[in-house]
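Working notes, structure below.
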2 protein chains.
Amino acid sequence: MKLAGAAADRDRWEARDCSIDGALKIVGTRSAMLLMREAHYGTTRFEDFVRRVGITEAVAAARLRELVTAGLLARRAYKNPGERTRHEYVLTEAGGELQLVLMAFIQWGDRHLPRRGGPPLDFRHTGCEEPIAVRLSCAAGHDVEPGAITVRGTWGRPTPATEKATGKAAGKATAEAAADVTADVTAAVAAEGAGKDVSPAG
Amino acid sequence: MKLAGAAADRDRWEARDCSIDGALKIVGTRSAMLLMREAHYGTTRFEDFVRRVGITEAVAAARLRELVTAGLLARRAYKNPGERTRHEYVLTEAGGELQLVLMAFIQWGDRHLPRRGGPPLDFRHTGCEEPIAVRLSCAAGHDVEPGAITVRGTWGRPTPATEKATGKAAGKATAEAAADVTADVTAAVAAEGAGKDVSPAG
DNA sequence: CTGCTGGCCATGGAATCCCATAGCCAGCAG
DNA sequence: CTGCTGGCTATGGGATTCCATGGCCAGCAG
């Protein structure tokens, strides 16, 4: 990666609003990540989560509640005929998109974790049956080699992307930052409060 | 995802050798993941890691040592003229390939974390300057939609992939598994006893 | 009414992770 | 020789994360 533009001097900005850090606050624990793994494998019931992940009910209950609050899972009532009403945990859109993170982990682990006998699971494209890989590509369709990434801060002078990315919500901050690029990062990038408003989807 | 083949019945196998779990043992803490982030942003010196990640020296020292042991970073001596010998931490190949995990986290966080003003960083393909995305694709070049993944266990009858994946390192296991598919999962994937009948799921 | 099951909460204790503070050591500057 | 700086190590305490055990509750079976 190459830092450029407003991000060029790494000591001038703090990565406080970093998406990695934010994501880790939600799925940063082993139990949370493995629960999401199980959800992607199709598990929906409390007891199945507990058994398949190998955690205690207390931890499962706490973690599932957090994941529902964070909008990665939705808790839904359902009822099989002749049975009592139960609850199931289903992936929301946000939870479903965690698939790329899970697949990236799996791909990395399959390649770099010392293990006897190759990867335990085989992931293939349904239908064409070719093996699946996580890749980096740009909007022009090019494969992106690991070193060919340029990172820019969006708080400085607007780039083609920040024009529309920040235009709607941070016009003021953009103007400020454009005027003085030095002492800005914590004001424009970092922050603390959080609005949470999540809608369960598909 | 669709579970198929030997993996079809989720209650018949344990995900103990799971790559996600294995990866989390190495980069599962906030400090480790953020240190890897900084390494990808080009940081190499101890003090810079401490300051830029915002952790204490004690934690940085411990985590860096673990990451070196795990093979994600390499500790190298170097000497600028007129200065004492110092050590730098540089990415190994395994560490470099964690980029997909980091980018997947960033992409997910940029889309789903509530935030005002859009993502703080902008990642573009060096040269062509188009925005970068993490994607799933198969060896035939197709984009893989989230639902179009078929997951199979490699411990059962060999798939086209396990032929060569396990062929070099676990030829014996493959032979055993092919001969008798029953007491397999615990031996190949998990580790604990639970020999039950397995119907050749498909 | 009692028993059973699935889903969940409460408690106590252990382990892990982190911070803050306070050193230690090597080597260059003075 | 002393001071200073970068790169650590040590100690003590707090927060988080987890496990094990046990209890609570809803609702269906008997």
Side-chain angles (χ1 to χ4, degrees), chain A residues 10-11 14 16 18 20-39 43-70 73-90, chain B residues 11 14 16 20-21 23-39 43-70 73-90 192:
Chain A
R10 181 63 189 84
D11 280 320
E14 295 178 36
R16 256 201 243 164
C18 172
I20 298 174
D21 202 3
L24 288 178
K25 280 178 187 125
I26 298 173
V27 288
T29 63
R30 194 184 101 100
S31 52
M33 190 68 84
L34 295 186
L35 283 170
M36 291 307 296
R37 177 198 70 188
E38 285 309 318
T43 300
T44 59
R45 284 179 51 177
F46 183 84
E47 207 200 341
D48 290 337
F49 279 115
V50 170
R51 185 165 24 82
R52 293 172 183 172
V53 173
I55 55 179
T56 61
E57 294 173 345
V59 173
R63 236 25 98 238
L64 287 171
R65 209 183 320 121
E66 291 169 11
L67 290 170
V68 167
T69 302
L73 296 175
R75 187 168 180 270
R76 290 210 295 230
Y78 74 101
K79 187 171 185 327
N80 288 341
E83 288 181 4
R84 54 185 284 197
T85 303
R86 302 188 193 287
H87 291 279
E88 61 179 357
Y89 296 88
V90 295
Chain B
D11 280 321
E14 295 178 35
R16 270 217 221 152
I20 298 174
D21 203 3
L24 288 179
K25 279 176 189 127
I26 298 173
V27 288
T29 63
R30 195 185 100 99
S31 52
M33 190 67 83
L34 296 186
L35 284 169
M36 291 307 296
R37 178 199 68 187
E38 284 310 317
T43 300
T44 59
R45 285 178 50 178
F46 183 84
E47 207 200 342
D48 291 336
F49 278 116
V50 169
R51 185 165 23 84
R52 293 171 183 173
V53 173
I55 55 179
T56 60
E57 295 173 343
V59 172
R63 235 28 96 238
L64 286 171
R65 209 182 319 121
E66 291 169 12
L67 290 170
V68 167
T69 302
L73 297 176
R75 188 168 180 270
R76 289 209 297 229
Y78 74 102
K79 189 170 183 327
N80 289 341
E83 288 182 5
R84 54 184 285 196
T85 303
R86 302 187 191 288
H87 291 279
E88 60 179 358
Y89 297 88
V90 295
E192 199 170 54

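The chains referred to below are lettered A, B, ... by the order of the sequence lines, with proteins before strands, and numbering in each begins at 1.
- OP1 or OP2 of C:dC8 lies within a sub-4.0 Å distance of a side-chain N or O belonging to A:Tyr89.
- Note that OG of A:Ser31 and CG of A:Leu67 are 8.0 Å apart. Values are rounded to the nearest 0.5 Å.
- Across the protein-nucleic acid pair, A:His87 atom NE2 and D:dC25 atom C1' stand 12 Å apart, rounded to whole Å.
- Counting all heavy atoms, side chain and backbone alike, A:Met33 lies closest to A:Val27 at CE-O, 3.6 Å.
- Using a 4.5 Å cut-off on side-chain heavy atoms (C-beta onward), B:Met36 and B:Leu73 make contact.
- Atom P of nucleotide D:dT17 and atom CG of A:Leu24 are separated by 11 Å, given to the nearest angstrom.
- Whole-Å rounding puts the A:Glu47 CD to D:dA26 P distance at 19 Å.
- For D:dG27, neither phosphate oxygen OP1 nor OP2 lies less than 4.0 angstrom from any side-chain nitrogen or oxygen of A:Arg86.
- Between A:Arg51 atom CZ and D:dA20 atom C1' the separation is 19 Å, expressed in whole Å.
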Between the protein and nucleotides 14-22 of chain C, which nitrogen or oxygen pairs come in under 3.5 angstrom?
{"residue": "C:dC18", "atom": "OP1", "partner": "B:Ser31", "partner atom": "N", "Å": "3.2"}
{"residue": "C:dC18", "atom": "OP1", "partner": "B:Ser31", "partner atom": "OG", "Å": "3.1"}
{"residue": "C:dC18", "atom": "OP2", "partner": "B:Ser31", "partner atom": "OG", "Å": "2.8"}
{"residue": "C:dC18", "atom": "OP2", "partner": "B:Arg63", "partner atom": "NE", "Å": "3.3"}
{"residue": "C:dC18", "atom": "OP2", "partner": "B:Arg63", "partner atom": "NH2", "Å": "2.8"}
{"residue": "C:dC19", "atom": "OP1", "partner": "B:Gly54", "partner atom": "O", "Å": "3.3"}
{"residue": "C:dC19", "atom": "OP2", "partner": "B:Thr56", "partner atom": "N", "Å": "3.3"}

Secondary structure of DNA chain C per the Watson-Crick/G-U criterion (both distances under 3.5 Å; [ ] crossing, | other strand, . unpaired) is ||||||||||||||||||||||||||||||
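- Atom CG in B:Asp21 sits roughly 16 Å away from atom P in D:dT17 (whole-Å rounding).
- Following rounding to the nearest Å, A:Met33 (CE) and D:dT16 (C1') show an atom-to-atom distance of 17 Å.
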Could you go step by step and tell me if B:Arg65 and B:Val68 meet the side-chain contact (heavy atoms from CB on, under 4.5 Å) rule?
CA-CA 5 Å; B:Arg65 209 182 319 121; B:Val68 167; 5.8 Å; no
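- For the pair B:Leu35 CG and D:dC8 C1', the interatomic distance rounds to 15 Å; values are reported in whole Å.
- A salt bridge links A:Asp11 to B:Arg51: one of the charged nitrogens lies within less than 4.0 Å of a carboxylate oxygen.
- Nearest heavy atoms, A:Ile26 versus A:Ala70: CG2-CB, 3.8 Å.
- Contacts of B:Arg75 with the nucleic acid, taken as non-hydrogen atoms under 4.0 Å apart, involve only primed sugar atoms and P, OP1 or OP2.
- Taking 4.0 angstrom as the limit, A:Arg65 places none of its side-chain polar atoms (N or O) nearer than this to OP1 or OP2 of C:dG7.
- Partner of A:Tyr89 under the side-chain contact (heavy atoms from CB on, under 4.5 Å) criterion, chosen from A:Leu64, A:Thr44, A:Thr43: A:Leu64.
- Taking atom CZ of residue B:Phe46 and atom C1' of nucleotide D:dC8, one finds them 6 Å apart after rounding to whole Å.
- Two residues are said to be in side-chain contact when any heavy atoms from C-beta on lie closer than 4.5 Å; A:Arg37 and A:Leu34 meet this criterion.
- Across every non-hydrogen atom of B:Leu35 and B:Ala60, the tightest pair is CD1-O, 4.5 Å.
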